[in-house]
Amino acid sequence: MYKLIKPILFKYDPEQAHGMTIDALKFVQRYPKTLPIIKQFFHYENDILTQELSGVRFPNPIGLAAGFDKSCEVPKALEYAGFGSIELGGITPKPQPGNPKPRMYRLVEDQALINRMGFNNLGMNKALSNLRKYSYNIPVGLNVGVNKSTPYEDRYQDYIKVLDTFKNDVTFYTVNISSPNTENLQKFHDESEFSQLCTAIQSFKVENDITVPIFIKLTSDLDLTSLGHMLPPITKTFDGIILANTTQQRDGLKSENRIETGGLSGRPLFERNIELIKHAYKETNGTFTIIGTGGIFTVEDVITMLRSGASLVQIYSALVFEGPGLTSKLNKALAQYLNKNGYQNLKDIIGLDA
Ligand SMILES: Cc1cc2nc3c(=O)[nH]c(=O)nc-3n(C[C@H](O)[C@H](O)[C@H](O)COP(=O)(O)O)c2cc1C
């Protein structure tokens with residue numbers, strides 16, 4: 001089906017095509033009787049794929065990465081699309097339009113995208129009221145960012161405002177310090193900035209008795225030594241680490257659009273992110289939750305990421321190129337791989353190659 005729709009969608013600007021997809025999902029969500037039909041096409045359940053992490057049950061390890069549903073507009077439709085979890089957002093306290101358009105590009109020859117969206121979203125209050133329209137049967141996470149207009153020294157408080165607003169409504173949070181499209185955001189990777197952020201988050205957790213897991217998402221452009229330095233405060237403050245967000249590298253790309261500024265996602269991220277995941281797994285002796293993202297297209301990619309140390313994975317770019325059937329395809333093939341090789345569950349393969 002997607003083979004028929006894709007050439008039509010690819011005639012449109014990528015953000016316009018994305019908007020059409022969101023509209024279609026809104027339609028589905030508005031007519032709940034259509035949801036079981038979607039489920040029939042895209043859902044795949046198998047006990048061998050289930051896992052409990054930080055007290056949360058994940059029905060399968062393939063999650064939707066942040067940035068697809070920026071303002072929590074279609075979470076109920078996404079629940080039926082076969083993901084083991086969905087990460088909504090990035091959400092900021094105040095609504096903001098993001099960067100001028102065009103700001104999203106396909107790099108077809110490279111199976112990649114470049115985006116410089118800049119946290120376009122409807123703001124935390126509207127996003128919360130969108131989210132509250134439904135209840136959910138899979139883990140629903142929230143990716144948290146900061147407003148462009150927030151003064152530099154107050155930025156860590158933006159995270160706290162969003163965490164506080166959603167504390168009774170999400171299954172997990174992701175503190176996103178890795179978007180390249182908000183000036184200076186990645187400075188939170190620096191030691192003193194990061195330490196201030198960790199202190200703020202720790203106080204918030206203690207003062208509010210927070211049990212919802214909080215993950216941190218780092219940039220793909222981090223060198224292994226810097227990752228090593230960040231891991232001790234990360235394991236103290238957070239419940240897991242997402243490796244990794246987009247890159248600003250452009251090495252080896254063929255597509256004309258490689259000259260665009262922004263974060264590069266998709267296939268070119270894969271090898272680099274595997275390196276980061278293996279390093280984090282080794283440095284934490286396999287005791288800390290790692291969520292892998294970046295360039296996953298096939299079940300072999302999923303298996304490689306899990307064997308490198310990730311307990312869960314997240315996808316975005318591959319959905320643009322392969323369509324929504326990819327999730328159940330990956331889950332089915334992963335279950336087959338586990339069964340065929342005599343593994344009892346996902347834990348049996350996590351970190352095997354690290
Ligand atoms: C259009 C677009 C918007 C994104 N927005 C966000 C975001 O708001 N927050 C975030 O943490 N990551 C964001 N990402 C990054 C993805 O969540 C994901 O980590 C990255 O694209 C790597 O996965 P992939 O190669 O499967 O796309 C965005 C990616 C794309 C393509």
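Counting convention: from 1, in listed order, for ligands and their atoms alike. The figures here come from the full heavy-atom set of this structure, side chains too, leaving out hydrogens, waters and symmetry mates.
Of the candidates Asp69, Asn147, Asn143, Thr92, Asn121 forms a side chain to side chain donor-acceptor pair (under 3.5 Å) with just one, namely Thr92. None of Ile277, Ile216, Ile274, Asn273 except one satisfies the side-chain contact (heavy atoms from CB on, under 4.5 Å) rule with Leu243; the exception is Ile277.
Taking the six-membered ring where tryptophan is involved, the planes of Phe297 and Phe321 are tilted, since the angle between them lies from 30° to 60°. Aromatic ring orientation, Phe172 versus Phe215: tilted (interplanar angle from 30° to 60°).
Looking at Phe238 and Lys205, their side chains never come closer than 4.5 Å, going by heavy atoms from C-beta outward.
Contacts between Arg267 and ligand 1, counted as non-hydrogen atom pairs separated by less than 4.0 Å, are absent for every part of the residue. Neither the backbone nor the side chain of His18 has any atom closer than 4.0 Å to an atom of ligand 1 (non-hydrogen atoms only). Under 4.0 Å from ligand 1, not a single heavy atom of Thr174 appears.
Proximity of Gly295 to ligand 1 is established by a heavy-atom distance of less than 4.0 Å. The shell of residues lying under 4.0 angstrom from ligand 1, judged by heavy atoms, excludes Ser179.
Formation of a donor-acceptor pair under 3.5 Å by the Thr150 side chain with backbone atoms of Arg155 is not found in this model.
Between Glu87 and ligand 1, no N or O atom pair is found at a separation short of 3.5 Å. Close N/O approach between Phe119 and ligand 1 is not found [any backbone or side-chain N/O within under 3.5 Å]. Ligand 1 has no N or O atom lying under 3.5 Å from any N or O atom of Gln314, backbone or side chain. Considering backbone and side-chain N/O atoms, Thr246 never comes within less than 3.5 Å of an N/O atom of ligand 1. The shortest N or O to N or O distance between Asn115 and ligand 1 is not below 3.5 Å.
Among Ala65, Ala66, Gly67, the residue whose heavy atom lies nearest to atom 14 (N) of ligand 1 is Ala66.
For Phe58 and Phe83, the ring centers are positioned 6.0 Å apart or more.
Among all protein heavy atoms, the one lying closest to atom 21 (O) of ligand 1 is Ser265 CB, 3.2 Å. The nearest heavy-atom contact from the protein to atom 15 (C) of ligand 1 is Asn245 OD1, 3.4 Å. Regarding atom 27 (O) of ligand 1, its nearest protein heavy-atom neighbour is Ser317 OG, 2.6 Å. The protein heavy atom nearest to atom 1 (C) of ligand 1 is Tyr316 OH, 3.6 Å. The closest protein non-hydrogen atom to atom 9 (N) of ligand 1 is Asn143 OD1, 3.0 Å. The protein atom (non-hydrogen) at minimum distance from atom 23 (O) of ligand 1 is Thr293 OG1, 3.1 Å. Atom 12 (N) of ligand 1 has its closest protein heavy atom at Lys217 NZ, 3.0 Å.
Here is the list of ligand 1 atoms found below 4.0 Å of a heavy atom in Gly90: 7 (C), 8 (O). Atoms of ligand 1 lying under 4.0 Å from any heavy atom of Leu269, numbered from 1 in the order shown and given with element: 22 (C). Close approach of ligand 1 to Leu113 (heavy-atom distance below 4.0 Å) involves ligand atoms 31 (C).
Under the 4.0 Å criterion applied to side-chain N and carboxylate O atoms, Lys167 and Asp164 are assigned as salt-bridge partners. Classification of Lys148 and Glu183 as a salt-bridged pair fails, no side-chain N sitting under 4.0 Å from a carboxylate O.
Sorted by first then second residue, the salt bridge (charged side-chain N to carboxylate O under 4.0 Å, His left out) pairs that include residues 18-32, not counting sequence neighbours, are Lys26-Glu73. Contacts classified as salt bridge (charged side-chain N to carboxylate O under 4.0 Å, His left out) and involving residues 277-303 (residues at least two apart or in different chains) are given here: Arg267-Asp301.
The CZ atom of Phe204 sits 13.0 Å away from the CD atom of Gln157 when rounded to the nearest 0.5 Å.
The neighbour count for Tyr343 OH, taken as heavy atoms of other residues, nucleotides or ligands under 6.0 Å away, is above 12.
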